Protein chains: 2
Amino acid sequence: MADLVYQNIIADLKKAINAESFPSMKLPDERTLTEHYQVSRSSVKRALNVMANQGIIFKKRGSGTFINPLYLKGGSFFNYNGSNLGVTDSFKAGNRTPGIKLLDFQVIKPSAELQRDLFLKPDDFVYEIKRLRLFDDEPFMIETGFIPIKVMPELTEKIVSSSIFNYLETEKNQEVTRAFLSIFAEPSTDDDQAHLKLKPTEPVGIMEGIFFLDDGTPFEFSTMRLHYQYMKYNTFVTVSGRE
Amino acid sequence: MADLVYQNIIADLKKAINAESFPSMKLPDERTLTEHYQVSRSSVKRALNVMANQGIIFKKRGSGTFINPLYLKGGSFFNYNGSNLGVTDSFKAGNRTPGIKLLDFQVIKPSAELQRDLFLKPDDFVYEIKRLRLFDDEPFMIETGFIPIKVMPELTEKIVSSSIFNYLETEKNQEVTRAFLSIFAEPSTDDDQAHLKLKPTEPVGIMEGIFFLDDGTPFEFSTMRLHYQYMKYNTFVTVSGRE
DNA sequence: GAGTGGTCTAGACCACGAG
DNA sequence: TCGTGGTCTAGACCACTCG
């Protein structure tokens, strides 16, 4: 594990919370934690802020810091572990092994819309990559991605036939760490029904967005059309305005 | 606005970014900003952290801090302003005025699942509130909410016929600031089709989750079934592990 | 090596909640 | 009034990137 002070505090507090070491559902106050861990109060606050943003605890000025009862008890529909971006990571439902079937792979001239979204110059070209994603030979998602040639000139059919994000990490030491995502639903098209084995009354869930590299370069615009039973997006939301 | 140092820095930097005062897409380094605003570096870092979490900027150790080109240019599908929780707030599409039609309002014994989710004791009862939400007399959502009697003993049909969140804020000075949300889609039921004027092939988008008060009390479990054309959930995602 | 963001400290003072 | 979390400061040292 990392050797960062605030990360260690988080790990320790999580362990204590899971061990139900705080029967009153109240954590020690920040100054006591400062004393206990022999660190500065800033580090304690940093750790607590991260945990509050993850929904593990609630802080209440004047009263103290309290454990989210649902984190401890485990809500019915909830198993939120923070966010994952890679598809291969996100949908690890069960022991099923993920597969990829390449449907289309070509170079095209991007639409004006795509040029805006990927921050392209007028004469930049992009790859179009259409892939079917499977679990144990069962298709669950049609993914269409657009990647500028200039950010990945070496892309080949071989790379595209497995996880591009993995390739980035292992071969180029770059990571996709952020994304704008838009989530919605639509009736299934004939194409959806054929690939995902859907009835005409069954819809697709759609996750669409722009993925960024560490340095902020827009890396890919992707549209994911999912069999509706496979799309479940869990999140913890905080109203804006707060840090 | 608030008189907080870091909030002022955020406001000022946003203004400067929108005015395209940084043609290189690079912000001044933190020490320069510290000097310019005559504040501590911690405050500058705090402001920049918030903006990075909102997807406005990217920070790169050893290189500098850069503006997200899409924040400036405006992506095609994107108009992300942070998160909103209240339904009346979230769906302010256009100038259409929101309406509420009460479908059902009663007190019931919660299921075991609901007891877990709202952290209830075995003999606690809950309100069940089923409402149709409209824009200019056009229904777009069926909302079923469960609120423990003990957190809102004074609930009446009158309150329930308009925004409960507004009532909380104005009358009880409490705010719903956080929620666990789960987002998915399903084929529409006969009931959905009747209320939302959907064809049998058209689906509903579903947003379901637990809403919390400031102090961490689970306040409501709500299931929102939306006309699919009205559900569009925009978000900025960061991989977990980072602060 | 110079410049940049990341982590951490030690301490001051403020704002809110409860008794 | 007192205990709690919130904001802010001033400065040290580390880790990464790039010329």
Side-chain angles (χ1 to χ4, degrees), chain A residues 1-11 13 22 24-53 56-67 172-175 177-178 213-217 238 241-243, chain B residues 1-11 13 22 24-53 56-67 172-175 177-178 213-217 238 241-243:
Chain A
M1 192 56 199
D3 212 9
L4 302 180
V5 168
Y6 77 94
Q7 292 286 8
N8 287 335
I9 298 175
I10 292 173
L13 284 178
F22 307 110
S24 60
M25 301 301 281
K26 188 172 190 286
L27 293 188
D29 70 275
E30 295 182 350
R31 288 157 179 90
T32 302
L33 290 172
T34 295
E35 180 65 25
H36 176 257
Y37 290 111
Q38 285 295 300
V39 298
S40 72
R41 189 169 160 224
S42 306
S43 296
V44 169
K45 293 184 80 61
R46 186 167 187 177
L48 294 179
N49 277 332
V50 173
M51 293 172 74
N53 285 333
I56 300 173
I57 57 174
F58 289 85
K59 291 183 291 182
K60 186 79 178 161
R61 170 146 65 175
S63 305
T65 301
F66 302 87
I67 299 166
K172 300 190 68 178
N173 199 32
Q174 279 188 304
E175 254 188 297
T177 51
R178 327 199 116 182
L213 296 178
D214 298 331
D215 61 4
T217 313
T238 305
R242 280 148 245 275
E243 185 189 4
Chain B
M1 195 52 201
D3 213 8
L4 302 181
V5 168
Y6 78 93
Q7 293 285 7
N8 286 336
I9 298 175
I10 292 173
L13 284 178
F22 306 112
S24 61
M25 302 300 282
K26 187 172 192 280
L27 293 187
D29 71 274
E30 296 182 348
R31 287 159 180 90
T32 301
L33 290 172
T34 295
E35 180 66 24
H36 177 257
Y37 289 112
Q38 287 294 302
V39 298
S40 71
R41 189 169 161 223
S42 306
S43 296
V44 169
K45 292 184 80 62
R46 186 167 188 176
L48 294 180
N49 277 332
V50 172
M51 293 172 75
N53 285 332
I56 300 173
I57 57 175
F58 290 84
K59 291 183 289 181
K60 186 79 178 163
R61 169 146 64 174
S63 305
T65 301
F66 302 86
I67 299 165
K172 301 191 68 179
N173 200 33
Q174 278 187 306
E175 255 188 297
T177 51
R178 326 199 119 185
L213 296 178
D214 297 331
D215 61 4
T217 312
T238 305
R242 279 149 246 274
E243 183 190 4

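Only a predicted model underlies this, so the values are computations on that prediction, with no experimental measurement involved. Order of the sequence lines fixes the chain letters, A, B, ..., with proteins taken first and strands second; residue numbering starts at 1 for each chain.
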Return the [atom1] to [atom2] distance between [X] and [Y], rounded to the nearest 0.5 Å.
{"X": "Phe22(B)", "Y": "Leu13(B)", "atom1": "CZ", "atom2": "CG", "value": "6.0 Å"}
{"X": "Lys60(A)", "Y": "Thr65(A)", "atom1": "NZ", "atom2": "OG1", "value": "12.0 Å"}
{"X": "Ser43(B)", "Y": "Glu30(B)", "atom1": "OG", "atom2": "CD", "value": "11.5 Å"}

Does [X] have a side-chain nitrogen or oxygen under 4.0 Å from the phosphate oxygens OP1 or OP2 of [N]?
{"X": "Thr65(A)", "N": "dT4(D)", "result": "no"}
{"X": "Lys45(B)", "N": "dG5(C)", "result": "no"}
{"X": "Tyr6(B)", "N": "dT7(D)", "result": "yes"}
{"X": "Lys59(A)", "N": "dG6(D)", "result": "yes"}

Between [atom2] on [N] and [atom1] on [X], what's the gap in Å once rounded to a whole number?
{"X": "Arg31(A)", "N": "dA10(C)", "atom1": "CZ", "atom2": "C1'", "answer": "13 Å"}
{"X": "Glu35(B)", "N": "dT4(C)", "atom1": "CD", "atom2": "P", "answer": "14 Å"}
{"X": "Asn8(B)", "N": "dC8(D)", "atom1": "CG", "atom2": "C1'", "answer": "13 Å"}
{"X": "Asp29(B)", "N": "dT17(D)", "atom1": "CG", "atom2": "P", "answer": "17 Å"}
{"X": "Leu4(B)", "N": "dA15(C)", "atom1": "CG", "atom2": "P", "answer": "10 Å"}
{"X": "Asp214(A)", "N": "dG6(C)", "atom1": "CG", "atom2": "P", "answer": "12 Å"}
{"X": "Ile57(A)", "N": "dT4(D)", "atom1": "CD1", "atom2": "P", "answer": "15 Å"}
{"X": "Asp3(A)", "N": "dG6(C)", "atom1": "CG", "atom2": "C1'", "answer": "14 Å"}

DNA chain D base-pair string [pairs: Watson-Crick or G-U under 3.5 Å; |: paired with another strand]: ||||||||||||||||||.
Pairwise 5' ranking along DNA chain D for Val5(B) and Pro28(A), keeping only the more 5' one: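 First, find each residue's nearest nucleotide; the 5'-ward one identifies Pro28(A).
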Any donor-acceptor N/O pair under 3.5 Å between [N] base and [X] side chain:
{"X": "Arg46(A)", "N": "dG6(C)", "value": "no"}
{"X": "Ser63(A)", "N": "dA18(C)", "value": "no"}
{"X": "Arg61(B)", "N": "dG3(C)", "value": "no"}

Evaluate Gln7(B) against Ile10(B) for side chain to side chain contact (heavy atoms under 4.5 Å, CB included), listing each step before the verdict. CA-CA 5 Å; Gln7(B) 293 285 7; Ile10(B) 292 173; 4.0 Å; yes
Whichever of Gly62(A) and Ser43(A) has its nearest DNA chain C nucleotide further upstream toward 5':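 Upstream on the strand: Ser43(A).
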Is there side-chain contact between Ile67(A) and Leu27(A), with at least one heavy-atom pair below 4.5 Å?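 Result yes, sub-4.5 Å side-chain heavy-atom pair found.
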Could you give me the CA-CA distance, side-chain angles and deciding distance for Val39(A) and Asn8(A), then say whether side chain to side chain contact (heavy atoms under 4.5 Å, CB included) is met? CA-CA 11 Å; Val39(A) 298; Asn8(A) 287 335; over 6 Å; no
Within the side chain of Arg178(B), is there an N or O that forms a donor-acceptor pair under 3.5 Å with the backbone of Ala52(A)?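 Checking the backbone N and O of Ala52(A) against the side chain of Arg178(B), a donor-acceptor pair under 3.5 Å is found.
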Exercise: identify the closest heavy-atom pair between Tyr37(B) and Ile9(B):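 Looking at all heavy atoms of both residues, the shortest contact is CE1-CG2, 4.0 Å.
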Sugar-phosphate, base or nothing in reach of Lys60(B), heavy atoms under 4.0 Å: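 Sugar-phosphate contact only - Lys60(B) comes under 4.0 Å of backbone atoms but never of a base.
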